[in-house]
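A short write-up of the structure that comes next.
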Amino acid sequence: MRKMTKVLKQNAKKIAAILICSLMISATSCGSGIEYVDETGYSSSTTEDGGSDNGSGSSSSNITYTGDVEYADSDNEEFQKFMKDYFVESVTEDTLTYNYEVKDGSKYGIESPAATLGDASMDKAALDKQKKAIQDRYDKLMTFKDVKLTEDETFTYECLKSDLEIAIKAFDNIYLYEPFSPMRGLQANIPTNFTDYRFDDKSDVEDYITMLGQMRQYFKGSIDFEYEKSKAGYFMADSVADKVIEQCDEFTAEKENNFMIEVFDDRVEKLDFLSKEEKEDFKKRDKEVILNSVIPAFEDLKKCMTELKGTGKNSMGVCNYEGGKEHYTNYIFPSFSDSAKTPDEEIEIMENRKQNLVTEMSLIYSTNPDAYKAYVENSDKLLEKYDKMTASEVIDYLIKNCMDDYPELDNIKYTANYLDKHMEKIMDSVLAYYMAPAIDDPDHNLIYVNGAHPNGMWTTLAHEGCPGHMFQNAYFMSTNPNLVRSIQGNIGYKEGWAVYTSYRSLEKCDFDGSEYASEFAKLTKINEDLGYLLYGRIDLGVNYEGWTKEDVVDYLSSSGYGTEFADEIITSVIGDPGAYLSYTTGYYELEELRTLAEDELGLKFDPKEFHKVILTAGPCSFKNLRTKVEKYIYENK
């Protein structure tokens, strides 16, 4: 499940006030090429239309693929068994995961697990057990290090190796793990975890009720961990605790009329496999567990946050904790970005990118000031006709008009819904989200839109739908990947693709037939790109470099932005360190691979074939993805 957040998109648009930065534009020489260094580190020359003048391609010295790797001709049975076991163990750890990943486990020889939320214990014994399980899995994987595998098995081996090596780093300083972070925490995800739970038969409804009854005990494991963290000096900053308390208050505001009760009642009424008596019984039981287990869990969490607020030793970034900078470098940064770069390298990339974006903007201003002025005066209205469409209408329009550069795929079946009115406030920070279907139920793609925030639907639904998350998932699953590949997270790859494609979709928008459509597309992209970059750079500054609030204010001010959002941004990046890197670094890595392919192939570059390589590879680290791109370049030179 991926969520387009309001704080990331709407505030980014307010903060990235590029339209008033005329002081940065005034020095531009009209009509001249401007030398700059892009995020790949290579010097390029911009032309008057803002494109890269790369000629027929750069030196092949950037490519290490030689085509001389030998693979096995047939699958390795032992490795196939390892992957199958990996998959089964992963999807049966808890019933929520099983429900989302698999519809009919019998197809894969899996028995449906007993209804459970899983083990949320965070004591030393439980943590040691979790760490050992990951280490054992890694050790087993490494027994295949020198075994000759098929090409697909070899790539899967490398993907799993990368992911497990990062996962084990989480335990280097477990006190830096935060189970109740504002964006990713338990309390933040309960609404979608349960309101989107799939009901295929009566047993699913029974399991749902059973798991809700486990909620209070499930929260307790992590609440106890918060008290332990506090004693060790690792409790969260007060501003983050306030945010969690606010979330708890929102959830418990209406007890008897809690939105989860109402949503459940509506859903149960539509289940044709239940009798009228069974429906009434389930409604009664659901209300009881919400009132006696779920709401008390949130009340327990609020009590914990209230009692521990003020005990934190650090009000800023994770690097200020003992071992924090190393944890950010070795675990947080790579796990959210999927990049093999270092944080220092990424900082340099972001600084260069910011200047490049200003350069692009200045070229538009200098070459077509009328278009620039029209954008300044009408930026909030340029895409408003799509905001007035239903979500399905926008998605269908994007599918029809923006998919020429992507490989063909049979009609994607999906449902686009709007959040329940009660959930709009609970999930106020979410603009929309995509929920992938179970691996054996590909026709049930779901996209939810928060109707309280109707603006910006073009890029939001391009990001969540097509050619973004929904298309990426649907295409990859159409390649019939190994089951274990279907459950890989790799959020940097996924969000990088969604951002990349949402920007590319703007090139297909005619902006109501405007003569400035091309310029409007570029400026809209620059505006959003600068907003994402802002959050990513401050995340690195606060959590890796140790920026203070004064440093954040200085960065905003010196970059030409308003400073009124400084506190909100700081709370976001210290509450969920690394989260914004999925959108920024993930996108930059994907653009870097495209630049590499364009430079190497020149006129032979085909965007549809390039995208096919990315999509067929599926979620993975960008280091592994590059091997696929290099092979594509080698074979098409």
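With hydrogens and angles left out, the side-chain atoms of Ser557 and Asp554 include no donor and acceptor closer than 3.5 Å. In summary, the side chains of Asn527 and Thr524 do not present any donor paired with an acceptor at a separation below 3.5 Å, with no hydrogens or angles considered. Under the 3.5 Å distance criterion, with hydrogens and angles disregarded, a donor-acceptor pair is assigned to the side chains of Ser230 and Thr311. Of the N and O atoms on the side chains of Lys354 and Ser559, at least one donor lies less than 3.5 Å from an acceptor on the other residue. With hydrogens and angles left out, the side-chain atoms of Asp539 and Tyr328 include a donor and acceptor closer than 3.5 Å. Under 3.5 Å, the side chains of Thr252 and Glu299 contain no donor-acceptor pair of N or O atoms.
Considering only heavy atoms from C-beta on, Ser239 comes within 4.5 Å of Ile574 through its side chain. By the 4.5 Å heavy-atom criterion applied to side chains, Phe251 and Val294 are counted as neighbours. Between Thr584 and Arg537 the shortest side-chain heavy-atom distance does not fall below 4.5 Å. Proximity of Glu360 to Leu357: side-chain heavy atoms (C-beta onward) are separated by under 4.5 Å at one or more points. Put simply, the side chain of Ile190 reaches to within 4.5 Å of the side chain of Phe298, judged on heavy atoms. Side-chain contact between Lys243 and Met183: absent, with no pair of heavy atoms (C-beta onward) separated by less than 4.5 Å. Between Glu507 and Lys522, the closest side-chain pair of non-hydrogen atoms is not below 4.5 Å. The shortest side-chain heavy-atom distance between Tyr580 and Phe336 does not fall under the 4.5 Å cut-off.
Between the Asn314 side chain and the Gly317 main chain, a donor and an acceptor come within less than 3.5 Å of each other. Formation of a donor-acceptor pair under 3.5 Å by the Asn450 side chain with backbone atoms of Ala432 is not found in this model. In terms of modelled atom types and a separation under 3.5 Å, the side chain of Asn378 and the main chain of Lys381 share no donor-acceptor contact. Proximity of a side-chain donor or acceptor of Asn193 to a complementary backbone N or O of Asn189 within less than 3.5 Å is detected. Not a single donor-acceptor pair under 3.5 Å links the side chain of Trp458 to the backbone N or O of Glu384. Ser335 contributes a side-chain N or O that, together with a main-chain N or O of Ile332, makes up a donor-acceptor pair within less than 3.5 Å. Not a single donor-acceptor pair under 3.5 Å links the side chain of Glu226 to the backbone N or O of Cys304. A donor-acceptor distance shorter than 3.5 angstrom exists from the side chain of Lys494 to the backbone of Gly489, with no hydrogens or angles considered.
Under 4.0 Å is where a charged nitrogen must lie from a carboxylate oxygen, and between Glu326 and Lys169 no such pair does. A salt bridge links Arg504 to Glu591: one of the charged nitrogens lies within less than 4.0 Å of a carboxylate oxygen. The existence of a salt bridge linking Asp567 and Lys549 is confirmed by a sub-4.0 Å separation between a basic side-chain nitrogen and an acidic carboxylate oxygen. A salt bridge links Glu307 to Lys303: one of the charged nitrogens lies within less than 4.0 Å of a carboxylate oxygen. Under 4.0 Å is where a charged nitrogen must lie from a carboxylate oxygen, and between Asp242 and Lys309 at least one such pair does. Using a cut-off of 4.0 Å between Lys/Arg side-chain N and Asp/Glu carboxylate O, Arg353 and Asp529 are scored as salt-bridged. A salt bridge between Arg626 and Glu589 is absent, with no side-chain N of the basic residue lying under 4.0 Å from a carboxylate O of the acidic one.
Between Pro343 and Phe333, the shortest heavy-atom contact is CG-CG, 4.1 Å. Contact detail for Ala391 and Tyr418: the closest heavy-atom pair is N-OH, 2.8 Å. For the pair Tyr434 and Ile447, the tightest heavy-atom approach, listed with the atom from each and the gap, is CD1-CG1, 3.9 Å. The shortest heavy-atom contact between Asp338 and Gly492 is OD2-N, 2.9 Å. Of all the heavy atoms in Tyr177 and Phe225, the pair that sits closest is O-CE2, 3.7 Å. The heavy-atom pair separating Glu495 from Ser582 by the smallest distance is CB-O, 3.4 Å.
For the atom pair Met457 CE and Asp387 CG, the distance stands at 6.5 Å (nearest 0.5 Å). Of the inter-residue distances, the one linking Glu228 atom CD with Ile174 atom CD1 reads 10.0 Å to the nearest 0.5 angstrom. One distance of note links CG of Leu419 with CG of Leu431; it measures 10.5 Å at 0.5 Å rounding. Thr548 contributes atom OG1, which lies 9.5 Å from atom CG of Asn320 (distance to the nearest 0.5 angstrom). Between atom CG of residue Asp119 and atom CD of residue Gln130 there is a gap of 7.0 Å, rounded to the nearest 0.5 Å. Atoms NZ and CD, from Lys341 and Glu346 in turn, are 6.5 Å apart once rounded to the nearest 0.5 Å.
Residue Tyr175 forms a ring-ring contact (aromatic ring centres under 6.0 Å, His included) with just one option from Phe235, Tyr321, Tyr227, Tyr234, and that option is Tyr234. Applying ring-ring contact (aromatic ring centres under 6.0 Å, His included) to Tyr555 and the options Trp547, Phe565, Tyr561 leaves one that passes, Trp547.
In this structure Lys325 satisfies the salt bridge (charged side-chain N to carboxylate O under 4.0 Å, His left out) test with no other residue, sequence neighbours excluded. Applying the salt bridge (charged side-chain N to carboxylate O under 4.0 Å, His left out) test to Glu178 and every residue at least two apart in sequence or in another chain returns Lys229.
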Please report the C-alpha distance between Asn624 and Tyr493 in whole Å, then the side-chain angles of each, then the deciding distance to 0.1 Å, and finally whether the side chain to side chain donor-acceptor pair (under 3.5 Å) criterion is met.
-> CA-CA 11 Å; Asn624 292 326; Tyr493 169 101; over 6 Å; no
Hey, mind stepping through Ser181 and Asp576 against side chain to side chain donor-acceptor pair (under 3.5 Å) and telling me if it holds?
-> CA-CA 6 Å; Ser181 66; Asp576 288 271; 2.8 Å; yes
For Lys220 and Gln217, run side-chain contact (heavy atoms from CB on, under 4.5 Å): C-alpha distance rounded to whole Å, both residues' side-chain angles, the deciding distance at 0.1 Å, then the answer.
-> CA-CA 5 Å; Lys220 185 179 184 301; Gln217 186 63 30; 4.0 Å; yes
Checking side chain to side chain donor-acceptor pair (under 3.5 Å) for the pair Tyr544/Asp344: CA distance, chi angles, key distance, verdict?
-> CA-CA 9 Å; Tyr544 176 73; Asp344 287 315; 2.8 Å; yes
Ser339 and Thr585: side chain to side chain donor-acceptor pair (under 3.5 Å), yes or no, with the steps?
-> CA-CA 7 Å; Ser339 173; Thr585 304; over 6 Å; no
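Taking the six-membered ring for Trp, Tyr587 and Tyr503 have ring centres closer than 6.0 Å.
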